[in-house]
Amino acid sequence: MASVLASKMGLNSLRRKQAKTFSVTVVTMDADLEFSCELKWKGKDLFELVCRTLGLRETWFFGLRYDVKDTVAWLKMDKKVLDHDMPKEEPIVFHFLAKFYPENVEDELVQDITQHLFFLQVKTSILEEEIYCPPEASVLLASYAIHAKYGDYDPNVHKPGFLSQEELLPKRVINLYQMTAEMWEERITVCYAEHRGRTRDEAEMEYLKIAQDLEMYGVNYFSIRNKKGTSLLLGVDALGLHIYDPSNKLTPKISFPWNEIRNISYSDKEFAIKPLDKRADVFKFNSSKLRVNKLILQLCIGNHDLFMRRRRVDSLEVQQMKMQAREEKARKQMERRRL
Amino acid sequence: NNPRNPHHHRALQEIRRSLMPFANETT
């Protein structure tokens with residue numbers, strides 16, 4: 001008996017020594033997930049596991065982001081996870097985030113989980129002031145965020161003070177006015193009461209629609225220099241590339257829509273945007289950081305691919321997935337009406 | 001930038017008006 005036990009123990013420690021796994025933590029917008037990955041896994045294996053765990057099928061919007069030095073990078077699907085240049089202390093931390101954004105949020109997002117993750121990500125970016133949000137829009141959006149959290153407005157339940165623990169507005173907005181917390185709550189509650197009759201899901205979608213209408217998400221900004229050495233901002237989004245003055249992130253000086261670009265090349269650490277119109281100037285730029293240049297290139301390719309894909313018929317698999325999700329949504333709505 | 005939905009547009013204008021009297025002098 002003892003020898004059997006000893007041999008079993010020996011076997012277990014041997015197994016441990018030969019462990020072919022490493023641990024990762026995947027932080028989503030509403031949960032932290034722990035996974036044990038095989039050493040040979042590629043980015044795709046981990047990404048697919050996360051999507052399966054979340055029940056998320058609209059995978060094309062998302063990516064796994066990690067911090068590297070003073071910037072961020074996205075896990076490559078066809079490269080081994082451990083071959084990426086990142087700190088290897090376990091658990092390795094990744095953030096599961098929207099990498100690409102829809103052109104039209106209402107038409108394109110199908111699953112509730114996709115919508116929820118987008119909602120949480122955009123809301124966080126607005127509250128943390130990564131995105132500029134005018135004061136009046138902050139109040140309107142806060143009323144929909146509250147609606148998404150608390151359900152439909154009910155004056156018997158939602159009494160003064162019910163928002164006292166909530167983070168409602170960007171600090172910058174609060175500092176612009178001489179208003180107490182109670183006054184802000186009252187403003188937001190007035191709006192909340194005005195859009196009664198919606199479900200939480202509908203409130204989330206309304207939030208995203210308003211934010212999209214006001215162009216408050218979807219652009220990835222990068223500090224760049226043009227060939228004359230002028231500091232500029234580059235914005236990459238679902239519709240194309242935009243060049244901004246660093247002091248005005250909202251109105252581009254020049255835009256290059258994807259369908260008007262003949263080609264974007266990257267060589268000798270320099271980008272060149274060649275417009276379709278051969279008479280138009282080629283726009284050359286770069287970022288001083290190699291990692292940022294790589295990130296720009298990845299986002300250009302990914303956004304352009306999605307732009308082209310939106311203009312083609314969905315694959316059978318995607319058609320089926322969208323149909324299932326729509327049926328599920330319709331079934332839920334029917335159930336709600338019946339109740 | 002105005003939202004496509006006129007209802008939102010009106011709501012934003014109303015909120016802007018209601019905030020105005022409380023704006024800090026510097027704004």
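Every chain is numbered from 1 and lettered A, B, ... according to where its sequence line falls, protein lines coming before strand lines.
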ask   = Does the side chain to side chain contact (heavy atoms under 4.5 Å, CB included) test come out yes or no for L19(B) and W184(A), once each step is laid out?
value = CA-CA 9 Å; L19(B) 296 180; W184(A) 283 116; 3.6 Å; yes
inquiry  = Checking Q13(B) against E136(A) for the side chain to side chain contact (heavy atoms under 4.5 Å, CB included) test, could you report, in this order, the C-alpha distance in whole Å, the side-chain angles of both residues, the deciding distance, and whether it holds?
reply    = CA-CA 8 Å; Q13(B) 279 184 323; E136(A) 60 277 16; over 6 Å; no
inquiry  = Return the CD to CZ distance between Q178(A) and F22(B), rounded to the nearest 0.5 Å.
reply    = 9.5 Å
remark   = Cut-off 4.5 Å, heavy atoms of chain A, and the answer for E14(B) is side chain
note = Separation between CE (M183(A)) and OG (S18(B)), nearest 0.5 Å, reads 9.5 Å
request  = Look at atom NZ of K329(A) and say whether more than 12 heavy atoms of other residues, nucleotides or ligands are closer to it than 6.0 Å.
outcome  = yes
query = Is there a side chain to side chain contact (heavy atoms under 4.5 Å, CB included) between M20(B) and Y177(A) once you walk through the steps?
reply = CA-CA 8 Å; M20(B) 228 179 272; Y177(A) 297 89; over 6 Å; no
Rounded distance (nearest 0.5 Å) linking atom CG of L140(A) with atom NE2 of H9(B) = 12.5 Å
key: Side chain proximity check, V190(A) to I15(B), heavy atoms < 4.5 angstrom   = no
